[in-house]
Amino acid sequence: MKHTKKPYGLPASYRIKRKKIFDTLFSQGNSIYEYPFKIIYAETELPEPVPYQVAFGVSKKKFKKAVRRNRIKRLMRETFRLKQEFLKPGKPIALLIIYTSSKEESFDFLLMQMEKILSHLTEKLQNHGPA
RNA sequence: AAAGCAGGUCAUCUUGUCGCUCUCCGUAUUCGGAGGGAGGAAAGUCCGGACACCACAGGGCGGCCUAGCGGGUAACACCCGCCCUUCCGGUCAAAUCCGGAAGAGGACUAGUGGCACAGAAACCAGGUACAGUUCGGCUGUAGUGAAAAGGCCAAACUCUAGGCGGUGCAAUGCCAAGUAAACCGGCGUUUGAGGUCGGCCCGGCCGAGCCGGUGGGUAGGCAGCUUGAGGUUGCGGGUAACCGCAAUCCCAGAUAAAUGACAAGACUCGACAGAAUCCGGCUUACAGGCCUGCUUUUCAC
RNA sequence: GGAGAGGUGCCGGAGUGGUAACGGAGCGGAUUGCUAAUCCGUGCACGCGAGAGCGUGUCCAGGGUUCGAAUCCCUGUCUCUCCG
């Protein structure tokens, strides 16, 4: 038992905190899309003993007010927290989840789409993963 | 009671489950418990400070800012009181008076400059037409224009009075890790390069390295970081802004960056909006509730 | 978070108190058998007019100073740049 955590928790160690990881994501990352999310992901070494690290992004161009951006990032974090069981990577992976729409969607819709995109991602990783 | 105006104040609430962040406790980064967890504007960054570094921030020129008088304040371009000017309303009208609103409100009898078009003439003056004349280029009228010979403009230069050194927490100090004490060119070591971050000069201080290019490494942690011109209540002073004293309280501190989700319930169905060193103002955005004062109308006594 | 710069017609871009230059695009006309090139005219919006044309407004938005503002001052808004 090297690491335990609450099944629906999302502590700080599961979030990306290094600029270096963001640089790898932007230069070498692959992407997958399912409205309104876009996930940029890359298999890479992580500074913490966790299976994955996440970050959430909302464009300032699309949401000018800080309150709205905060709101959407909180909804995204919440949906990921509740649906993270659908993400089963073989290797350590970093992912950046970006909100691409310019309007705020309902929480239920976001839950559904988050489940979809994480399942697709897991599928894709298992097909191309251990090559 | 209703409507309007002005000022102040509050900013949906309650419970449960899941989750985030900080502090404390339990041998505890991971588990558990207790407690704290956005705003009146947190915003714009428009002013004023505190604080930090640059020299204990010094002199001159330049530059920038402020503008009635008095007070408040750490300070201000803010706030309070008074005066003045302009505008609106009240009495048939005017003056006065009463009520209200607005105002960057020193100086064009120091100088410089500007006054388009129109008009005979526009700031050095000059003198058109008509009429009257005491014949003196004297007076009046016409006409153009915002203004016609004594004026206007300083949110024109300027003058007067006063103020301002610069840079900003990505300031600054410390710890750890790691690369290359690399290569090329230029300047310099008491005959002084360079630094002293705003423009220039002077003076002073530091001073053996500095500048440009090529190429490479790291971008982690701690302090600053929240107890403060602090909040609440009471008493006292002052027309007021505000100040004094006493008691009491501790009320976010993140760093790819914490306050969210779901369920249930209540009502007046919830606006604008999210802390990033910290305060005092100003300005802008904003659903509604409550309180106080004034005015008008209606009803009751 | 902090420090600055700017916004002029469809596009680029001058003007910094007195009638909004200039270039390109577009549109109309001339030239041509047709097109390109060339030459001439034309900023935009609204209103009036049969038409030629005329009037009013317009320099990111609102307010102020002034006889008069794209220009000076204040407030807001949008865009861009720099700072370990």
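Model, not experiment: these values are computed from the prediction.
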K.L.:
Tell me which of A:Leu75 and A:Lys65 sits closer to the 5' end of RNA chain B, going by the nucleotide each one is nearest to.
P.N.:
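First, find each residue's nearest nucleotide; the 5'-ward one identifies A:Leu75.
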K.L.:
Can you check B:U296 for me, syn or anti if syn means within 90° of 0?
P.N.:
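In terms of base orientation relative to the sugar, B:U296 is anti.
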K.L.:
Within a reach of under 6.0 Å around CD of A:Glu45, are more than 12 heavy atoms found that belong to other residues, nucleotides or ligands?
P.N.:
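At most 12 heavy atoms, drawn from other residues, nucleotides or ligands, come within 6.0 Å of this atom.
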K.L.:
Counting distance only, does the side-chain N/O of A:Lys62 pair as donor-acceptor with the main-chain N or O of A:Thr100 below 3.5 Å?
P.N.:
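Yes; at least one donor-acceptor contact below 3.5 Å.
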K.L.:
If anything within 90° of 0 is syn and all else is anti, what is B:C124?
P.N.:
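Anti for B:C124; the angle lies over 90° from 0.
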K.L.:
Kindly say if A:Arg77 contacts the phosphate of B:U259, meaning a side-chain N or O under 4.0 Å from OP1 or OP2.
P.N.:
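Answer yes for this pair, as a side-chain N or O of A:Arg77 is under 4.0 Å from OP1 or OP2.
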K.L.:
Does B:C82 have a Watson-Crick or wobble mate here (both distances under 3.5 Å), and if so which one?
P.N.:
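Because both required distances fall under 3.5 Å, B:C82 counts as paired with B:G68.
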K.L.:
Expressed in whole Å, how much space separates the P atoms belonging to C:G1 and B:A170?
P.N.:
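Roughly 12 Å separates the two P atoms.
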K.L.:
With rounding to the closest Å, how many angstrom separate the P atoms on B:G281 and B:U73?
P.N.:
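Going atom to atom, P in each nucleotide, I get 14 Å.
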K.L.:
Classify A:Ala66 by what it touches in the nucleic acid, base, sugar-phosphate, or nothing, heavy-atom distance under 4.0 Å.
P.N.:
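The answer is sugar-phosphate, as A:Ala66 gets under 4.0 Å only of primed atoms, P, OP1 or OP2.
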K.L.:
Specify the separation, in whole Å, of atom CZ of A:Phe22 and atom P of B:A256.
P.N.:
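Distance check: A:Phe22 CZ to B:A256 P gives 9 Å.
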K.L.:
Would you measure the distance from the P atom in B:G106 across to the matching atom in B:C157 and give it in whole Å?
P.N.:
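About 15 Å, rounded to a whole number of Å.
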K.L.:
Dump the intermediate steps for side-chain hydrogen bond (donor to acceptor under 3.5 Å, both in side chains) on A:Glu105 and A:Tyr99, then the final yes or no.
P.N.:
CA-CA 10 Å; A:Glu105 298 285 353; A:Tyr99 194 83; 5.1 Å; no
K.L.:
In the strands shown, is B:A176 matched to any nucleotide by a Watson-Crick or G-U wobble pair with both distances under 3.5 Å, and which?
P.N.:
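By the stated definition (distances under 3.5 Å), nothing pairs with B:A176.
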K.L.:
Using the C1' atom on both, measure B:A34 against B:G238 and round to a whole Å.
P.N.:
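Looking at atom C1' only, B:A34 and B:G238 are 49 Å apart.
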K.L.:
Roughly how far apart are A:Asn30 CG and A:Leu121 CG, rounded to 0.5 Å?
P.N.:
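It comes to 9.5 Å.
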K.L.:
Rounded off to whole Å, could you give me the OH-to-P distance for the A:Tyr8 and B:U30 pair?
P.N.:
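Atom-to-atom, A:Tyr8 to B:U30, this comes out as 23 Å.
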K.L.:
Syn or anti for B:G40, with syn set at within 90° of 0?
P.N.:
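Here the answer is syn: the torsion falls within 90° of 0.
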K.L.:
Find which nucleotide of RNA chain B each of A:Lys17 and A:Asp108 is nearest to by heavy atoms, and output the residue with the more 5' nucleotide.
P.N.:
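The residue mapped nearer the 5' terminus is A:Lys17.
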K.L.:
Any strand is fair game: report the nucleotide pairing with C:A37 by Watson-Crick or G-U wobble, both distances under 3.5 Å, or none.
P.N.:
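Checking every strand shown, C:A37 finds no partner, since no pair has both distances under 3.5 Å.
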K.L.:
Classify the glycosidic conformation of B:U12 as syn or anti, calling it syn when the angle lies within 90° of 0.
P.N.:
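Anti conformation for B:U12.
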K.L.:
If I take atom CZ in residue A:Arg69 and atom P in nucleotide B:A38, what distance separates them, rounded to the nearest angstrom?
P.N.:
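Interatomic distance, CZ of A:Arg69 to P of B:A38: 21 Å.
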K.L.:
Just the rounded figure in Å: distance from C1' of B:U30 to CG of A:Leu10.
P.N.:
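Spelled out: CG on A:Leu10 to C1' on B:U30 is 14 Å.
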K.L.:
A:Lys60 has an atom NZ; how far is it from atom P of C:C80, in whole Å?
P.N.:
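Answer to the nearest Å: 11 Å.
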K.L.:
To the nearest angstrom, how far is A:Phe107 atom CZ from B:C262 atom P?
P.N.:
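For the pair A:Phe107 CZ and B:C262 P, the rounded distance is 6 Å.
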K.L.:
If only atom types and distance count, is the side chain of A:Arg69 paired as donor or acceptor with the main-chain N or O of A:Lys64 below 3.5 Å?
P.N.:
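Yes, the answer is positive, given that a donor and an acceptor are paired below the 3.5 Å cut-off.
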K.L.:
Calculate the interatomic distance between A:Lys83 atom NZ and B:C18 atom C1'; express it in whole Å.
P.N.:
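It works out to 14 Å between those atoms.
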K.L.:
For B:G39, give the paired nucleotide (Watson-Crick: N1-N3 plus N6-O4 or O6-N4; G-U: N1-O2 and O6-N3; both under 3.5 Å), or none.
P.N.:
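With both distances under 3.5 Å, B:G39 matches B:C272.
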K.L.:
Under 3.5 Å, is there any donor-acceptor pair linking the side chain of A:Arg74 to the base of B:G274?
P.N.:
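Indeed there is one.
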K.L.:
Using atom C1' in both nucleotides, what's the gap between B:G199 and C:C22 to the nearest angstrom?
P.N.:
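Nearest-Å result for B:G199 against C:C22 at atom C1': 36 Å.
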K.L.:
How far does the P atom of B:U158 sit from the matching atom of B:A104, given to the nearest Å?
P.N.:
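23 Å, rounded to whole Å.
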K.L.:
Using the P atom as the reference point in each nucleotide, state the distance between C:U19 and C:U58 in Å, no decimals.
P.N.:
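Per the computed distance, 15 Å lies between those P atoms.
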K.L.:
What I'd like to find out is whether the side chain of A:Gln53 reaches to under 4.5 Å of the side chain of A:Pro47, using heavy atoms alone.
P.N.:
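SC-SC contact between A:Gln53 and A:Pro47 confirmed.
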K.L.:
Can you tell me if A:Thr122 uses its side chain to pair, donor with acceptor, with the backbone of A:Phe86 under 3.5 Å?
P.N.:
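Indeed, once roles are kept as given, a pair shorter than 3.5 Å links the two residues.
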K.L.:
Write down the distance separating the P atoms in B:C242 and B:C79, rounded off to the nearest Å.
P.N.:
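Each nucleotide's P atom is 11 Å from the other's.
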K.L.:
Would you indicate, yes or no, if B:C20 has its OP1 or OP2 atom less than 4.0 angstrom from a side-chain nitrogen or oxygen of A:Lys73?
P.N.:
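Negative; the distance criterion is not met.
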K.L.:
Can you tell me if A:Arg81 touches the phosphate of B:C18, counting only side-chain N or O atoms and a distance under 4.0 Å to OP1 or OP2?
P.N.:
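False: A:Arg81 side-chain N/O out of range (4.0 Å or more) of B:C18 OP1/OP2.
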K.L.:
Who is the Watson-Crick or G-U wobble partner of B:G7, with both distances under 3.5 Å?
P.N.:
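Paired with B:C291.
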K.L.:
Glycosidic conformation of B:A38, syn or anti, with 90° from 0 as the boundary?
P.N.:
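Base orientation: syn.
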K.L.:
Identify the nucleotide, in any strand shown, that forms a Watson-Crick or G-U wobble pair with B:U30, with both distances under 3.5 Å; if there is none, say none.
P.N.:
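Pair assignment: B:U30 / none.
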K.L.:
Apply the side-chain hydrogen bond (donor to acceptor under 3.5 Å, both in side chains) test between A:Gln84 and each candidate in A:Tyr14, A:Tyr52, A:Tyr8; give the one that qualifies.
P.N.:
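Single side-chain hydrogen bond (donor to acceptor under 3.5 Å, both in side chains) partner of A:Gln84 among A:Tyr14, A:Tyr52, A:Tyr8: A:Tyr52.
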K.L.:
Among A:Tyr41, A:Phe26, A:Phe56, which residue satisfies the side-chain contact (heavy atoms from CB on, under 4.5 Å) criterion with A:Leu96?
P.N.:
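Of all the options given, the one that passes is A:Phe26.
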K.L.:
In the structure shown, which nucleotide is the Watson-Crick or G-U wobble counterpart of B:A266, with both distances under 3.5 Å?
P.N.:
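B:A266 is paired, partner B:U12.
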K.L.:
Is A:Leu87 reachable from A:Val50 through a run of hydrophobic residues whose side-chain heavy atoms are each under 4.5 Å from the next?
P.N.:
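Same hydrophobic cluster.
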K.L.:
Using whole Å, what does the distance between atom P of nucleotide C:U79 and atom NZ of A:Lys64 come to?
P.N.:
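Atom-to-atom, A:Lys64 to C:U79, this comes out as 4 Å.
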K.L.:
B:A129 pairs with which nucleotide, Watson-Crick or G-U wobble, both distances below 3.5 Å?
P.N.:
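Across all strands, the one nucleotide that pairs with B:A129 is B:U141.
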K.L.:
Using a cut-off of under 3.5 Å, enumerate the N/O to N/O pairs linking the protein to nucleotides 40-46 of chain B.
P.N.:
none

